[in-house]
Amino acid sequence: MKYWWVSVIIILMALLMIACAWLLRKNRRANMITLFVVSLVLLIFKSIQFGIERSIHHYPIEFSHLSYFILGATVTVGVKKLRPFAGICAFISGLAFVLAGIFSPAPIVRDAESTFNWVTGIIQHEVLFFAGLVIIFSTDRYSIKDIWIPIVGIFIMFIFSVLVYKRVLYPDLAEKNHDGMVIICVLSGTILKYVLPAGSIVPVWLRVMTVIIEMILLGVILWAFYFVNNKFYDKKLKKYPDFAGNAEEYSAIALVKYIIKKNNDKKALQLQSQVNESDSKNDIEE
């Protein structure tokens, strides 16, 4: 395998991301700050990148492309209800990239337009993998009753990708990006072409089986996300009881709440001061 060294890099980085996420599990403040910074940086970087690439008709169309913005917007704004959805998208994108890098590393380098692109591509996907792990292990306990949110969200992402592929959306999308949509290969069951010999045609029966297996795996990942999250969170509370009381949030919504609270506290102090002054005057008059 010509690009075996790419697989090694991806595996080593994935192990590093797992280790970092694991080390953060004891301290909610540390992992929330880390998650916020990572998400904000990804959101800014990808917004600038795709803003620049609009001139060459390249848009955010892949599952991982959308995951950057879902994770970035959800975490930086602070919509806790959507955090599991963002975590699942980030984890799936990162894990899929790691697996692709292990079994088929050549396209990662070959399809990139420059060394900068494939290097940053690896880093960004590994960071998505890390963010997904942090949300699973180290933020909050999420109820499986809300599993419908990521199911609906992922379904909408699939519909969006199909509309892009049919050129209902982004009709001016560059041919190279249109023809190379990985998400369409996943949905059509032709993703196996990346591991089969060059020029191989994936038979219909294998494509159908591939799609069925993909849907089963998606269901397993959705269920496992909540199961693992709940198990690890309950176990962590037994070992680190103070973790439950460490409920810091770092986001735009948390900042607004903090400002409002500070303002209310200030008004309360001013009111109390006025009351005390009034009582003092009454005492003097008496």
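Note that the structure is predicted; figures quoted are calculated from it, not measured.
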*List for me each residue that meets salt bridge (Lys or Arg N to Asp or Glu O under 4.0 Å) alongside Asp172, sequence neighbours excluded, and say none if there are none.*
none
*Tell me, with the steps shown, if Val98 and Ile11 meet side chain to side chain contact (heavy atoms under 4.5 Å, CB included).*
CA-CA 7 Å; Val98 171; Ile11 292 172; 5.5 Å; no
*Can you tell me how far CZ of Phe63 sits from CD1 of Ile183, rounded to the nearest 0.5 angstrom?*
6.5 Å
*Is there any side-chain hydrogen bond (donor to acceptor under 3.5 Å, both in side chains) pair reaching into residues 147-170, and which pairs are they, with sequence neighbours excluded?*
Arg167-Glu175
*Kindly compute the distance separating NZ (Lys176) from CE (Met181), expressed to the nearest 0.5 Å.*
13.0 Å
*Euclidean distance, Trp5 CH2 relative to Ile10 CD1, rounded to 0.5 Å*: 9.5 Å
*Output, in order, the C-alpha distance, side-chain angles, deciding distance and verdict of side chain to side chain contact (heavy atoms under 4.5 Å, CB included) for Ile88 and Ile154.*
CA-CA 9 Å; Ile88 289 171; Ile154 290 174; 4.2 Å; yes
*Under the ring-ring contact (aromatic ring centres under 6.0 Å, His included) rule, collect the residues that match up with Phe225, sequence neighbours excluded.*
none
*asked:* Between Lys46 and Gln49, do the side chains contain a donor N or O and an acceptor N or O under 3.5 Å apart?
replied: yes
*Those residues that, when tested against Lys80, pass salt bridge (Lys or Arg N to Asp or Glu O under 4.0 Å) (two or more places apart)*: Glu249
_Transitive ILVMFWY cluster of Ile260, excluding itself - 4.5 Å side-chain cut-off_ = Val256
*Closest heavy-atom pair and its distance - Gly101, Ile108*: CA-CD1, 3.6 Å
_Has Ser251 got a side-chain atom pairing as donor or acceptor with Thr76's backbone, closer than 3.5 angstrom?_
no
_For Arg54, all residues meeting salt bridge (Lys or Arg N to Asp or Glu O under 4.0 Å), sequence neighbours excluded_ = none
*Identify, with sequence neighbours excluded, every residue that meets ring-ring contact (aromatic ring centres under 6.0 Å, His included) alongside Phe45.*
none
*For the pair Asn31 (side chain) and Leu24 (backbone), establish whether a donor and an acceptor sit closer than 3.5 Å, ignoring hydrogens and angles.*
yes
*Does the Asn230 side chain pair with the main chain of Ser143, one donor and one acceptor, at a distance under 3.5 Å?*
no
*Go through the structure and list residues passing ring-ring contact (aromatic ring centres under 6.0 Å, His included) with Phe129, not counting sequence neighbours.*
Phe91
*Checking ring pair (Phe, Tyr, Trp, His ring centres under 6.0 Å) against Phe232, which of Tyr226, Tyr142, Phe137 comes through?*
Phe137
*Other ILVMFWY residues reachable from Ile259 by side-chain steps of under 4.5 Å*: Leu255
*Answer whether the closest heavy-atom distance between the side chains of Met32 and Val134 falls below 4.5 Å.*
no
*asked:* Using every non-hydrogen atom in the two residues, find where Phe69 and Ser47 come nearest and quote the distance to one decimal.
replied: CE2-OG, 3.5 Å
*Kindly say whether Ala90 contributes a backbone atom to a donor-acceptor pair with the side chain of Ser93 at under 3.5 angstrom?*
no
*Within the side chain of Glu62, is there an N or O that forms a donor-acceptor pair under 3.5 Å with the backbone of Val182?*
yes
*asked:* Are Val6 and Ile122 packed together at the side-chain level, in the sense that at least one heavy-atom pair is separated by less than 4.5 angstrom?
replied: yes
_Any heavy-atom pair between the side chains of Val38 and Val75 that's under 4.5 Å?_
no
*asked:* Check for me, please, whether Leu95 and Leu16 land in the same ILVMFWY cluster - side-chain distances under 4.5 Å, paths through other members count.
replied: yes
*asked:* Please report the interatomic distance CD1(Ile70) to CG(Leu82), rounded to the nearest 0.5 Å.
replied: 9.0 Å
*Would you name the heavy atoms of Leu66 and Pro60 that are closest together and state the gap between them?*
CD2-O, 3.8 Å
*By salt bridge (Lys or Arg N to Asp or Glu O under 4.0 Å), which residues pair with Lys81, not counting sequence neighbours?*
Asp146
*asked:* Using a strict threshold of under 4.0 Å (side-chain N to carboxylate O), is an ion pair present between Lys261 and Asp265?
replied: yes
_Could you tell me if the side chain of Pro150 sits less than 4.5 Å from the side chain of Leu222, heavy atoms only?_
yes
_Joint cluster assignment, Ile159 & Val168, ILVMFWY side-chain distance < 4.5 Å_ = yes
*asked:* Starting from Leu99, can I reach Ile213 by hopping between I/L/V/M/F/W/Y residues whose side chains sit under 4.5 Å apart?
replied: no
*Within a strict 4.5 Å, meaning less than it, do heavy atoms of the Val77 and Ile253 side chains meet?*
yes
*Do you know which two heavy atoms are closest between Leu133 and Ala21, and how far apart they sit?*
CB-CB, 3.7 Å
*What distance separates His178 NE2 from Ile61 CD1, expressed to the nearest 0.5 Å?*
8.5 Å
*asked:* Taking the side chain as everything from C-beta on, heavy atoms only, tell me whether Arg29 gets closer than 4.5 Å to Tyr250.
replied: yes
*Not counting sequence neighbours, which residues clear ring-ring contact (aromatic ring centres under 6.0 Å, His included) with Phe97? List them please.*
His125
*So if you build clusters from Ile, Leu, Val, Met, Phe, Trp, Tyr with side-chain heavy-atom gaps below 4.5 Å, do Val208 and Met215 land together?*
no
_side chain to side chain contact (heavy atoms under 4.5 Å, CB included) between Gln124 and Ser64, intermediate numbers included_ = CA-CA 10 Å; Gln124 292 166 48; Ser64 61; over 6 Å; no
*Determine yes or no for a side-chain-to-main-chain donor-acceptor pair under 3.5 angstrom, with Arg207 supplying the side chain and Ser188 the backbone.*
yes
*Shortest non-hydrogen contact from Arg141 toward Asp234*: NE-OD1, 2.9 Å
*Can you check whether Asn117's main-chain N or O pairs, donor with acceptor, with Thr120's side chain at less than 3.5 Å?*
yes
_I need the full list of ring-ring contact (aromatic ring centres under 6.0 Å, His included) pairs touching residues 190-223, with sequence neighbours left out, sorted by first then second residue._
Trp223-Phe227
*Test side chain to side chain contact (heavy atoms under 4.5 Å, CB included) applied to Ile135 and Leu71, step by step*: CA-CA 10 Å; Ile135 292 176; Leu71 175 73; 4.0 Å; yes
*What distance separates Leu163 CG from Leu169 CG, expressed to the nearest 0.5 Å?*
5.0 Å
_Connected via hydrophobic side-chain network under 4.5 Å: Phe103 and Leu206_ = yes
